[in-house]
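Below is one structure, written out as structure tokens; the observations come after it.
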Amino acid sequence: MKADVKERVDALLARMTLEEKAAQMVQVPYAMVGREEALRWARRGAGSFLHVLGDDAREIQRAACESRLGIPVLFGIDAVRGHALNDHATVFPTQLACACAWDPELVRRMGRVTAREVAADGLHWTFSPLLCLARDPRWGRVNETFGEDPHLTGELAAALIRGYQGDDLAAPDSILACAKHYLAYGEAVGARDACDSEITWRKAREVFLPPFQRAVDAGCATFMTAYGSLDGTPLTADAHALRDVLRGEMGFEGFVVTDWQNVTSLVDKQHVAADALEASALAAQAGNDMIMSSLEFYESAIRLVREGRLEERVLDEAVRHILSVKVEMGLLEHPEKEGDRACIGCAEHQQTALEAARRSVTLLKNDGVLPIGPQTRRIALIGANADDIRAQVGDWTYFTHPLPDPEHVPVRPYTTIREGMEALCAARGAELTYARGCGAVPSDLDDLDAAVRAAEGAELIVLAVGDEISQVGETKDRADLALSGRQEELLERLLALGIPLITVLLASKPLAIEAAAARANAVVCAFNGGAHGGQAVAEALFGEFNPSGRLPVSFPRHSGQVPVYYNALPGWHPRWGTQESRYCDLPATPLYAFGEGLSYTAFAYDGLTMDAQALTASVRVRNTGHRPGLETVQVYVRDCVSSVLTPVRRLIAFEQVALEPGEERTVRFTFDRMDFSLVNRQEQRVVEPGCFELMIGHSSRDEDLLKTEFTLD
């Protein structure tokens with residue numbers, strides 16, 4: 001902590017009463033308490049308020065500044081893909097969709113836009129980025145992740161944090177980032193949201209901690225504890241995770257906030273505390289600094305200290321962490337961020353969101369039917385998701401919050417796939433026929449017969465399938481990843497027409513689409529592309545740009561195949577008489593692999609070299625096609641012999657290179673020795689000497705990689 005910050009915090013803390021300290025640790029949910037109660041909390045000295053916008057926030061801040069000590073409150077909001085709870089703000093693709101770009105700079109720009117718009121609304125803090133790993137696609141919150149890989153997640157998270165926080169937390173257009181959910185939340189047993197994660201601390205250090213370490217290194221100001229538990233200990237009550245590891249080992253200096261009602265959950269869901277008093281003591285002693293929405297903490301903390309059951313220094317420590325961040329961001333001098341309100345949803349920001357949507361489009365199969373050429377005059381567009389803006393944007397927007405408001409009408413600008421294709425067909429003189437067919441959830445509006453009739457006279461069918469908002473987010477875990485509703489039936493009936501068919505997956509996660517993948521002429525993955533996702537998909541189909549997306553997550557062939565993440569440990573018993581590990585009724589390989597993605601050109605690799613002394617590698621990449629393209633060069637490593645099992649391969653670096661047709665470039669990488677490390681049985685991260693295999697290529701698939709071995713002394 002800087003000396004001047006410490007001096008100011010110490011002086012302020014010395015003046016605070018016990019009641020004011022307890023209040024500073026509370027985050028008040030405005031919608032839950034109402035205006036009058038919120039104003040009382042502000043005058044009492046509450047540290048933060050949740051989900052307050054506009055004049056309501058300004059009124060709360062005035063009340064806080066008129067309290068005895070006048071400490072301003074922090075306003076936190078779930079601006080997780082743009083300031084999207086404001087109905088005029090820019091709505092970006094989800095983290096999962098943005099991760100398809102494999103572009104940290106693009107993600108940083110997304111964070112900058114979000115920060116400007118949040119600050120322009122007078123707010124200070126976003127609960128983003130989410131650093132959980134999507135290793136089991138059944139989990140309902142896969143769309144909020146950067147995918148399944150620790151390295152890619154860490155790179156993109158660090159970039160997003162830099163975007164939010166800028167160069168100076170006190171700048172008018174900077175906001176606080178929040179790394180969540182600490183720790184291993186997405187690894188819950190059975191992919192059941194907020195359930196126990198049955199992993200060891202060695203596994204946590206090896207797989208799940210590295211992205212959070214990147215967040216600390218990037219200067220992330222706040223961390224959020226997970227709903228769930230790690231090997232039976234709720235993260236909200238885990239002093240080892242919060243004090244020993246996060247602060248002691250990782251060097252985190254900001255403040256920790258619980259997730260929604262985590263303290264209450266210690267009593268009524270996880271049953272590790274008998275009442276609010278015991279739960280509050282557990283949370284405070286474990287190292288939580290701010291308590292989100294469990295308002296009973298306030299009275300409980302005061303009583304615990306007065307009865308001698310909780311040392312006041314525990315509250316002092318927590319408040320010191322909170323006040324230090326407030327001082328560093330200049331909150332005491334400038335309680336309200338003073339950004340330009342005209343920037344909210346402005347044309348420049350919308351253009352950035354459109355670019356992100358374009359970069360997220362990932363081409364997974366193409367037999368030559370794409371891009372759609374001028375000779376194609378009659379196109380049928382089928383599927384509810386082609387014209388459903390709620391399904392397209394996903395959750396965490398003003399009209400698709402985890403509790404969607406069907407009465408809140410989406411505000412333009414946005415473009416659905418139908419609208420995007422109508423515009424391009426009109427410009428090209430092509431005829432587009434649209435039919436809903438069916439959606440992901442059975443509806444009285446379903447009409448497969450009408451969809452078949454609409455497609456019968458077409459030269460090309462574009463079928464949009466996937467999931468919809470009722471299947472996305474918290475408490476929306478899925479047991480079955482197959483296409484839901486009557487989508488499979490619709491696909492079969494359209495395929496029976498014998499007309500070339502393109503499948504567009506507009507979904508919150510990888511779904512089991514093996515039949516669609518096997519029999520369609522092309523497959524395009526769009527995930528949730530935000531307000532401009534429909535325009536991006538349409539442009540990609542017509543070749544207005546060359547798709548460059550690469551999957552940040554693997555696709556299973558069947559729900560029973562999960563998890564199918566690429567960086568698995570070796571040792572699965574091979575089938576008799578072969579060296580192939582597989583199910584007796586299904587291959588072991590994913591339908592589509594991490595890092596996979598096509599474009600309208602092709603790339604060739606050769607000339608792989610590795611210098612083990614200098615820790616450098618190089619490879620030649622050539623555009624062998626007829627269009628300019630962007631290739632993502634991916635670097636993987638395997639530890640050939642190690643003291644513990646290590647992955648069959650894991651990503652350690654990547655680089656993007658734009659190449660003209662016929663152009664060749666040598667791409668070089670410089671590594672750190674720790675890139676080849678592992679976590680041993682003593683939970684130490686070490687580099688064990690010996691033989692390693694370096695792999696560089698187009699995706700994590702074995703056949704896409706050049707390989708060479710080297711030795712580290």
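As a basis for the values below, the full set of heavy atoms in this structure was taken, side chains included, without hydrogen atoms, waters or symmetry mates. Predicted, not measured: the structure shown is a model, and the values here were computed from it.
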Strictly below 4.0 Å, N to O, side chains only: are [X] and [Y] in salt-bridge contact?
X    : Y    : value
D78  : K180 : yes
D467 : K509 : no
E317 : R243 : yes
R112 : D173 : yes

Applying salt bridge (Lys or Arg N to Asp or Glu O under 4.0 Å), name anything that partners [X], two or more places apart in sequence or on another chain.
X    : answer
R303 : E307
D238 : none
R141 : E144, E474

Looking at [X] versus [Y], is the centre-to-centre ring distance below 6.0 Å?
X    : Y    : result
W139 : Y185 : yes
W41  : F49  : no
W102 : F654 : yes

With sequence neighbours left out, write down each residue that passes side-chain contact (heavy atoms from CB on, under 4.5 Å) with [X], or none if nothing qualifies.
X    : result
R202 : T200, E206, V644, V679, E683
E311 : R313, V314
L569 : K203, L645, P647
D10  : K6, R320

My understanding is that only residues two or more places apart in sequence, or in another chain, count here; which of them pass ring-ring contact (aromatic ring centres under 6.0 Å, His included) with [X]?
X    : value
F252 : F223
F676 : F671, F692, F710
Y566 : F594, Y636

Pairs involving residues 265-291, ordered by first then second residue, that meet ring-ring contact (aromatic ring centres under 6.0 Å, His included) (sequence neighbours left out):
none
Is it the case that the side chain of H124 and the backbone of P335 share a donor-acceptor pair, with hydrogens and angles ignored and the cut-off at 3.5 Å?
yes
Examine distances only and state if a side-chain atom of T145 and a backbone atom of G147 form a donor-acceptor pair shorter than 3.5 Å.
yes
Going by salt bridge (charged side-chain N to carboxylate O under 4.0 Å, His left out), name the pairs with one or both residues in residues 286-302, residues two or more places apart or in two chains.
R247-D289
Straight-line distance of L323 CG to M16 CE, nearest 0.5 Å:
5.5 Å
